[in-house]
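Numbered from 1 within each chain, the chains take letters A, B, ... in sequence-line order.
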Amino acid sequence: MIPNPYRSLHCNAITAAHVGQLVTLSGWVHSARDHGGVIFVDLRDREGLTQVVFRPEENAEVAARSQELRDEDVLQITGRVERRLTGTENPKLATGEVEVVVTELLVLNRAEVLPFQLDRELSNEDLRMKYRYLDLRRERMSRNIRQRHRITNAARNFLDEQGFVEVETPVLSNPTPEGARDFLVPARLSPGKFFALPQAPQQYKQLLMVAGLERYFQIARCFRDEDLRADRQPEFTQIDIEASFVTQPDILNLVEGLLAAMFKAGRGVDIPTPFLRMTYQEAMDRFGSDKPDTRYGLEITDMADVFAQSGFKIFRSTLEGGGVVRAINAKGFAGITTGQMIRLNDIAIQAGMKVKQLAFIKVERDAQGNLEYKSPLWKFFEPSEREALIAKLNVEENDLVFFYAGSWQEACDILGRVRCEIAQMQALTEGSTALNFLWVVDFPLLAYSPEEQSWVAVHHPFTRPKAEDLPLLEAGEYGKVRAEAYDVVLNGYELGGGSIRIHESDLQARMFSVLGISPEEQQVKFSHILEAFRFGAPPHGGLALGLDRIAMLVAGEQSIREVIAFPKNNKACDLMTDSPTTVDFRQLRELYVQSTYKEKRREEAASAETAVNPPADS
RNA sequence: GGAGCGGUAGUUCAGUCGGUUAGAACGCCAGCCUGUCACGUUGGAGGUCGCGGGUUCGAGCCCCGUCCGCUCCGCCA
């Protein structure tokens with residue numbers, strides 16, 4: 001820091017070594033303690049706290065003025081560093097051995113009483129957002145924002161060292177036919193036409209590969225006009241990466257190094273690499289999710305061998321019809337409450353369960369001390385099945401086993417959701433500092449969408465089919481084709497994903513056709529990329545990481561709003577600036593745009609009525 | 001679009017079976033206090049119980065509607 005008239009040091013930097021020196025500090029009144037004679041003020045700047053002391057015998061005029069100081073006033077003080085009186089050192093403070101005896105006081109700005117106290121947590125998120133600039137003054141927020149900077153910086157440095165070149169791609173670009181809803185921007189100079197804000201710089205970064213850049217990255221703002229969540233904002237930041245002449249393992253290794261560098265910079269931890277790698281099929285079979293949280297067990301077990309010949313008709317017929325019978329053993333959860341049981345069933349129904357209740361077995365000891373298998377289906381099982389089931393699921397006293405019989409997809413969806421909920425009920429991740437990174441690979445290339453009555457890309461239309469599955473694509477067995485696609489997952493959160501791309505024009509055109517995009521539409525929307533691929537496009541691939549989520553997990557926060565300086569609320573509004581806002585007619589006219597929205601008149605009508613008929617009493 | 005939880009002092013919250021003047025802590029204001037650091041101490045101010053309607057002798061509490069916030073589902077290639 002270069003000293004200037006405002007300060008010679010930051011508030012955290014004063015030590016016993018400065019005793020006797022004259023220093024100047026600037027900052028905020030963190031707390032003021034008036035003892036009638038002597039007055040203490042904890043002065044805070046972004047680096048820390050120092051106690052400054054006002055004594056009447058040192059400077060009566062300054063001491064008198066110091067009595068007027070209130071929390072969050074902005075001060076500049078000059079004073080002499082002194083060792084604190086013996087017995088009054090404060091070990092909780094980095095600067096607790098010393099204090100500054102003030103000789104000059106300049107009040108740079110007064111602060112009114114704040115709408116909330118900075119030294120207490122507050123639950124009112126509207127208020128935090130309305131006064132976000134005050135919320136950000138709080139230590140937790142300031143720590144998060146600065147930690148995010150370190151993480152971003154580490155990513156930039158790491159990628160730079162690996163030969164990646166940062167390139168800015170346009171924010172004003174074209175709408176995308178698939179995927180999330182776009183934010184649109186009217187194009188004044190092309191009347192009647194629109195830009196869209198990018199959901200990702202996907203096509204541009206692939207074109208940079210055609211351009212021969214070979215290694216690109218960008219800390220890119222992306223936009224998606226979809227509903228929000230604790231881990232989803234309409235504008236968010238991706239670390240976007242693309243490289244040429246690379247294979248899938250190259251990308252995975254690179255990203256492991258990158259994440260290790262980011263977590264080292266952000267949290268000081270060393271992440272072991274390589275990460276666990278798991279196929280999509282395995283993730284779904286074992287965890288019912290393509291972003292499994294492996295900090296706890298509760299794995300899904302396939303029960304086909306146990307029930308293939310079962311006398312219990314529902315299980316046997318499901319298996320004979322090509323379905324699955326699967327189970328989760330919730331160890332030690334026989335004490336589940338009725339409320340919890342209802343909640344699990346609700347979740348299962350929401351996830352697509354066709355019946356009203358999850359089948360279960362509850363294992364408890366009865367009054368005689370015998371193990372009792374409380375279950376609506378126990379009586380249907382042969383002794384041999386019971387034995388096999390107990391052995392396969394390692395069923396013991398106090399366990400609670402859930403079953404689902406149905407299609408593979410249903411079993412994954414339902415048991416996957418139930419698994420997460422049980423873990424939450426049992427507080428299995430409480431206090432855990434585990435960082436369970438893993439890769440999910442071999443995603444399916446395509447999925448059938450009943451709503452759109454067509455095949456859609458699971459990842460995106462530029463994803464490369466696995467070479468060995470190309471015959472399946474040609475044979476029209478779209479559901480069986482696997483992609484050169486991969487997601488990186490941490491503790492049940494998808495941190496990012498990517499793929500090796502298609503670089504051949506004809507394969508890309510074939511892919512568009514499979515997705516139901518006609519040759520004419522391909523020409524209109526994708527001619528630039530199809531054409532580019534005819535001029536010597538190198539094999540390439542890449543990935544994008546969600547920087548906000550990473551920053552959230554590094555900070556140990558539950559919401560990405562805690563690591564974004566000015567986030568939007570649930571309804572995508574900024575309560576501080578009251579954005580979005582209406583614009584006047586002239587502004588719209590210039591853009592050749594007109595709103596079709598009709599404001600609801602109810603409020604007006606209601607207020608008019610109360611004006612005509614005021615309350616009768618009083 | 002759907003479900004759940006919440007909305008009481010500036011803030012965080014309590015408020016019993018529907019029953020007297022709606023409480024506490026912190027903060028705020030004023031006084032006292034020369035070694036505190038969550039200073040202490042004395043006193044004081046501060047409430048449209050989100051809003052509207054209903055039930056009732058009586059509503060913060062019950063019912064209906066509505067607004068706002070958060071969480072989740074749908075959605076997010």
Original post:
Hey, would you say the A:F526 and A:F512 ring centroids sit under 6.0 Å apart?
Top reply: yes
Original post:
How far does the C1' atom of B:U11 sit from the matching atom of B:G27, given to the nearest Å?
Top reply: 7 Å
Original post:
B:U41 P sits how many Å from A:D34 CG, rounded?
Top reply: 15 Å
Original post:
On a whole-Å scale, what distance lies between the C1' atoms belonging to B:A59 and B:G15?
Top reply: 14 Å
**OP:** Just compare B:G2, B:C37, B:U36 and give me whichever is closest to any side-chain atom of A:N90.
**Re:** B:C37
Original post:
Is any NZ, NE, NH1 or NH2 atom of the basic residue among A:E504 and A:R464 found under 4.0 Å from an Asp or Glu carboxylate oxygen of the other?
Top reply: yes
**OP:** Identify whether any heavy atom of A:S31 sits under 4.0 Å from a base atom; if not, whether one sits that close to sugar-phosphate; answer base, sugar-phosphate or nothing.
**Re:** sugar-phosphate
Original post:
Within the distance-only criterion (no hydrogens, no angle test), does the side chain of A:Q522 pair as donor or acceptor with the backbone N or O of A:I517 below 3.5 angstrom?
Top reply: yes
Subject >> Atom pair CE (A:M209) and CZ (A:F533), whose distance is rounded to the nearest 0.5 Å >> reply: 11.0 Å
**OP:** Would you mind classifying the nucleic acid contact of A:V458 as base, sugar-phosphate or nothing, using non-hydrogen atoms under 4.0 angstrom?
**Re:** sugar-phosphate
Original post:
Between A:Y404 and A:E410, is any side-chain donor less than 3.5 angstrom from a side-chain acceptor?
Top reply: yes
**OP:** Measure the distance from CG on A:N345 to C1' on B:A3 and round it to the nearest whole Å.
**Re:** 16 Å
Subject >> Distance, nearest 0.5 Å, that separates CD of A:E97 from CZ of A:R83 >> reply: 6.0 Å
**OP:** Flag yes if more than 12 heavy atoms outside A:Q453 fall under 6.0 Å of its CD atom; otherwise flag no.
**Re:** no
**OP:** Could you tell me whether the side-chain ring of A:F116 sits stacked on the base of B:U11, using a centroid cut-off under 5.5 Å and a plane angle under 30°?
**Re:** no
**OP:** Look at all strands and tell whether A:R70 reaches a base, only sugar-phosphate, or nothing, counting heavy atoms closer than 4.0 Å.
**Re:** sugar-phosphate
Subject >> P spacing across the pair B:A9 / B:G65, given as an integer number of angstrom >> reply: 26 Å
Original post:
Under a 4.0 Å heavy-atom cut-off, which of residues 118-133 of chain A touch RNA chain B?
Top reply: A:R120, A:L122, A:S123, A:N124, A:E125, A:D126, A:L127
Original post:
When rounded to the nearest Å, what value does the distance between P atoms of B:G2 and B:C39 take?
Top reply: 49 Å
**OP:** Give A:R55 one of three labels, base, sugar-phosphate or nothing, depending on what nucleic acid heavy atoms sit under 4.0 Å from its own.
**Re:** base
Original post:
When you compare B:G1 with B:G10, how far apart are their P atoms, in angstrom units rounded to a whole number?
Top reply: 33 Å
Original post:
Within less than 4.0 Å of OP1 or OP2 of B:G69, is there a side-chain N or O belonging to A:K571?
Top reply: yes
**OP:** Check whether any side-chain nitrogen or oxygen of A:R33 sits under 4.0 Å from OP1 or OP2 of B:C39, and answer yes or no.
**Re:** yes
Original post:
Any side-chain donor paired with an acceptor under 3.5 Å for A:T176 and A:Q199?
Top reply: yes
**OP:** Write down the distance between CD1 (A:I347) and P (B:C72), rounded to a whole number of angstrom.
**Re:** 12 Å
Original post:
With both distances under 3.5 angstrom, what nucleotide forms a Watson-Crick or G-U wobble pair with B:C37?
Top reply: none
Original post:
Is A:R343 near enough to B:U71 that one of its side-chain N or O atoms lies under 4.0 angstrom from OP1 or OP2?
Top reply: no
Subject >> Residue A:R232, side-chain atoms from C-beta onward, closest of B:U34, B:C75, B:C39 >> reply: B:C75
Original post:
NA contact type, A:E99, heavy-atom cut-off 4.0 Å: base, sugar-phosphate, or nothing?
Top reply: base
Original post:
Between B:C75, B:G10, B:C70, which nucleotide gets closest to the side-chain atoms of A:N569?
Top reply: B:C70
Original post:
Closest to the A:Q117 side chain: B:U11, B:C26, B:U34?
Top reply: B:C26
